[in-house]
Amino acid sequence: MIRIRPLATVSFIVLTMGLAWLVAIPLWSTGGLTSPLFGILVPVMMFTPAFAAVVVMLVLRPVPKGERLRFLGMWPLRPARRVVWLTVIGLFAPFFLVLASVFVAAAFGWVTLDLTNFSGFAEVLAASAPAGAPLPPVGLMIAAQLVLIPVAAVTVNAVVAFGEELGWRGFLVPALRRLGTWAALLISGAIWGLWHAPVILLGYNFGRYDITGVLLMTAGCIAWGVLLGWLRLRSASVWPAVFAHGMMNATGALVGLLYAAGTTFDMALAGPLGAAGWIVCAVVTVILILTGQFRNQPELAGAHGKMLSAPRV
């Protein structure tokens, strides 16, 4: 039975947080979200959890050498059917959950939708195009955006999401399993949210520059982290969470395609990491609880020992 020592877990958390700030510091002196370095440093920051996990594995050796890939959920992918189907669920479910959050936000009056003319998106396109330049039909542009979402989710977004997921769901969730399922999911989600602080305090995601933004992000990461963590525990593989995270990032701005011109919306309420997203994630979590899904946490077939074992609650 593999149980991660507290020293290894704490070292991972401290190293990941420290590296995130170290990578993001140049943004604070070069324009924040408008910095020319933003597109470079944020993807680098997303790989700091993976880097921290690898360093902890190699230096502190909390897992025997031959069991490391298995513990992290990278390999082997057995039974293949379970891993594949949960990966498919992980890839496509976030799109529908984010879409549901848009309609939840509309139901609460947090956003006004235009599902006929997509006038808000058309307004943005017109403002960004050169004066007098012809624009393609907005419906065609919406269709193109929807086609590109899964493509982006399984390519560039999945690559950078792997940088996070190898740390959060690959290492941290199973490392915390000794505390019980819910402690592992909630604590790992909170740490995931706090890790975003270097860019959230610059106004990323919510347009807030104080602790409010960090608290909003932490709540959002706890809500989504429960679902990503369930994918990890239910499949005993990190890959479903990787592709789910990739799709989350690809659909994060979906509400911006559907709102009505002349209106505004607050991502703290209408965004997938805001209140609307919390509601949707909570509903799905309750359904998973009622159907006993959190009690079903199989080990990888053929594994020696119980890598995710802990009292199940």
Heavy atoms, side chains only, cut-off 4.5 Å: are V255 and F265 in contact? yes
Is the side chain of R61 donor-acceptor paired with the backbone N or O of M57 at a distance under 3.5 Å, no angle test? no
Test item: side-chain donor near acceptor, N117 and S119, under 3.5 Å: no
Are L33 and I200 connected, step by step, through hydrophobic side chains (Ile, Leu, Val, Met, Phe, Trp, Tyr) whose heavy atoms are closer than 4.5 Å? yes
Validation row: T181, R295 side chains within 4.5 angstrom (heavy atoms): no
Residue pairs meeting side-chain hydrogen bond (donor to acceptor under 3.5 Å, both in side chains), one or both in residues 145-165, sequence neighbours left out, come to E164-W168, E164-W192, E165-R169, E165-H245
Would you say V14 ends up clustered with V59 if hydrophobic residues are merged whenever their side chains have heavy atoms under 4.5 Å apart, either directly or through other cluster members? no
Does a side chain donor of either T48 or W195 reach within less than 3.5 Å of an acceptor in the other side chain? yes
Can a donor-acceptor pair be found, under 3.5 Å and without considering hydrogens, that links the side chain of R208 to the backbone of G203? no
Any side-chain heavy atom of I89 within less than 4.5 Å of one from F243? no
Cluster overlap V283 with V104, hydrophobic side-chain contacts below 4.5 Å: no
Do the side-chain N and O atoms of Q297 and R234 include a donor-acceptor pair separated by under 3.5 angstrom? no
Would you call I4 and V63 a side-chain contact if the rule is heavy atoms closer than 4.5 Å? yes
Angle class for the W239/F162 ring planes (parallel below 30°, perpendicular above 60°, tilted otherwise)? parallel
Polar side chain donor-acceptor pair, T263 to T112, under 3.5 angstrom: no
Atom CG of L172 and atom CG of L166: how far apart are they, to the nearest 0.5 Å? 11.5 Å
Sub-4.5 Å side-chain heavy-atom contact between P62 and V56: yes
Take F38 and Y204 through the ring pair (Phe, Tyr, Trp, His ring centres under 6.0 Å) test and state the conclusion after the steps. CA-CA 11 Å; F38 186 84; Y204 192 59; 5.7 Å; yes
Got a donor-acceptor contact below 3.5 angstrom from the W278 side chain to the W224 backbone? no
